[in-house]
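First up is the structure itself, then whatever we jot down about it.
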Amino acid sequence: MNESPDPLLDLLHLLDLEQIERDIFRGESRSALVPRVFGGQVAAQALVAAGRTVPADRGAHSLHSYFLRAGDPGAPIVYTVDRIRDGKSFTTRRVVAVQHGQPIFHLSASFQTHEEGMEHQAPMPAAPDPETLPTAAEMLPRYADRFSDPGVVDRLIEAREAVDLRYVDAPPFGTVGEVREPRSQVWFRTNGKLADDPLLHVCMATYVSDMTLLDSVLLAHGRGGWAVGDVVGASLDHAMWFHRPFRADEWLLYDQESPSASGGRGLGQARIYTADGRLAITVIQEGVVRVPRG
């Protein structure tokens, strides 16, 4: 494991997979707030594996993935890449993540050469300047009394040390019991500069995209989330479309909403904008969201 005191360098190390065969890669694991591997880590590592088998002039434009089993944070993850198609403009890759001989995650990703074409986009919604919002270290201690485990605040802060993530409004655990509009906004960027590698920025945004997407589901029901203990759940699938170039070390607005929850599942959908208003990414995720029994 990397022992760097810099959280961003530690995260970059986590995403820097070891190549053990032509199309086989191995990544380290680490625990999340719950006793399993963070889904954003697996998705980002799988996209790294796919991207390393694609020519550098082809950027990722979409990914579609399924979380199959909980990842073991105590074991490495092996990523096997299938080279599904190499066309004139598009390249398709399929990645299976395996632990203990079983698939835990499946991803399909598509890459495209740069191409000029028609342009339009949904306008960026209103949001305050991120510099006026509290950091995680400033905001989270305010809600320490919401968590039965006193160590949750420290673990939440530690989990977000590599990424500066700032809520526009109170997070779900800040308004437990209050039913709110199923919408949530956060600004995010890495806590430090990244190299000029488009794949790295795409993979970093993939990592962050799994942090808060289901918040809007919780808001619609006045639930505080996994750390509060009034819901249990996990990501089921995750899809992203990368529309325009962006940098993950510059402010990005993550505008999220939930159009539906039913059958023990909740759906989150979101748009990610650059600070100057360009629509960079669309994200959709469904997750298991259940009220604990007894």
Side-chain angles (χ1 to χ4, degrees), residues 1-4 8-32 34-113 162 190 194-210 234-242 248 283 285:
M1 291 292 291
N2 183 21
E3 298 298 332
S4 168
L8 181 57
L9 288 179
D10 187 55
L11 177 55
L12 292 172
H13 175 76
L14 194 70
L15 298 182
D16 187 17
L17 305 182
E18 174 191 3
Q19 186 167 5
I20 57 178
E21 261 294 349
R22 178 173 181 260
D23 293 328
I24 303 176
F25 302 83
R26 180 165 50 211
E28 295 180 358
S29 301
R30 66 181 180 192
S31 59
V34 290
R36 59 175 179 261
V37 177
F38 171 51
Q41 174 202 309
V42 183
Q45 287 181 329
L47 188 57
V48 169
R52 289 189 176 175
T53 70
V54 175
D57 65 343
R58 300 194 174 200
H61 76 85
S62 71
L63 68 84
H64 302 262
S65 62
Y66 284 92
F67 297 91
L68 306 176
R69 293 178 176 86
D72 175 4
I77 305 173
V78 175
Y79 296 89
T80 301
V81 182
D82 287 336
R83 302 182 182 231
I84 302 299
R85 180 176 183 267
D86 289 289
K88 293 182 178 179
S89 300
F90 292 89
T91 293
T92 306
R93 295 291 185 262
R94 181 174 59 206
V95 183
V96 178
V98 175
Q99 272 189 324
H100 306 304
Q102 291 187 312
I104 65 168
F105 179 80
H106 172 275
L107 173 140
S108 293
S110 184
F111 301 78
Q112 181 189 14
T113 56
T190 57
L194 299 175
D196 296 332
D197 176 0
L199 178 63
L200 175 60
H201 291 264
V202 165
C203 292
M204 193 65 72
T206 300
Y207 177 88
V208 179
S209 69
D210 191 39
S235 302
L236 289 171
D237 57 17
H238 197 84
M240 303 179 73
W241 293 262
F242 305 99
V283 192
Q285 181 184 79

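Along the sequence shown, residues are numbered consecutively beginning with 1.
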Please say which of V283, V95, T206 ends up in a side-chain contact (heavy atoms from CB on, under 4.5 Å) with L63. T206
Between [atom1] of [X] and [atom2] of [Y], what distance do you get to the nearest 0.5 Å?
X: Q19; Y: I24; atom1: CD; atom2: CD1; value: 9.5 Å
X: W241; Y: H64; atom1: CH2; atom2: NE2; value: 5.0 Å
X: E28; Y: L15; atom1: CD; atom2: CG; value: 11.0 Å

Contact summary for [X] and [Y], nearest pair of heavy atoms:
X: V81; Y: A50; result: CG2-N, 4.2 Å
X: A97; Y: I77; result: CB-CG2, 3.7 Å
X: F105; Y: A46; result: CE2-CB, 3.6 Å
X: Q45; Y: L17; result: O-CD1, 3.3 Å

Just jot down the side chain to side chain donor-acceptor pair (under 3.5 Å) partners of S235, sequence neighbours excluded, or say none. D210, Q285
Can you find a pair of side-chain heavy atoms, one from [X] and one from [Y], that are under 4.5 Å apart?
X: L194; Y: L8; answer: yes
X: L12; Y: L200; answer: yes
X: M240; Y: V202; answer: no

Check against side-chain contact (heavy atoms from CB on, under 4.5 Å), L11 and M204: CA-CA 9 Å; L11 177 55; M204 193 65 72; 3.5 Å; yes
Without swapping roles, check the side chain of [X] against the backbone of [Y] for a donor-acceptor pair under 3.5 Å.
X: D82; Y: I84; result: no
X: H201; Y: A248; result: yes
X: R93; Y: T53; result: yes
X: Q99; Y: P73; result: no

Any salt bridge linking R52 with D16? Criterion: basic side-chain nitrogen under 4.0 Å from a carboxylate oxygen. yes
Any chance CZ of R94 has more than 12 other-residue heavy atoms, nucleotides or ligands included, within less than 6.0 Å? no
Let's go through L107 and V42 carefully: what are the C-alpha distance in whole Å and the side-chain angles of both, what is the deciding distance for side-chain contact (heavy atoms from CB on, under 4.5 Å) to 0.1 Å, and is it a yes or a no? CA-CA 10 Å; L107 173 140; V42 183; over 6 Å; no
Parallel, tilted or perpendicular for F67 and H238, by the 30°/60° rule? perpendicular
Quick check on the 6.0 Å ring-centre criterion: do Y207 and F38 meet it? yes
Checking side-chain polar atoms at under 3.5 Å, does H61 have a donor or acceptor matched by the opposite partner on S110? yes
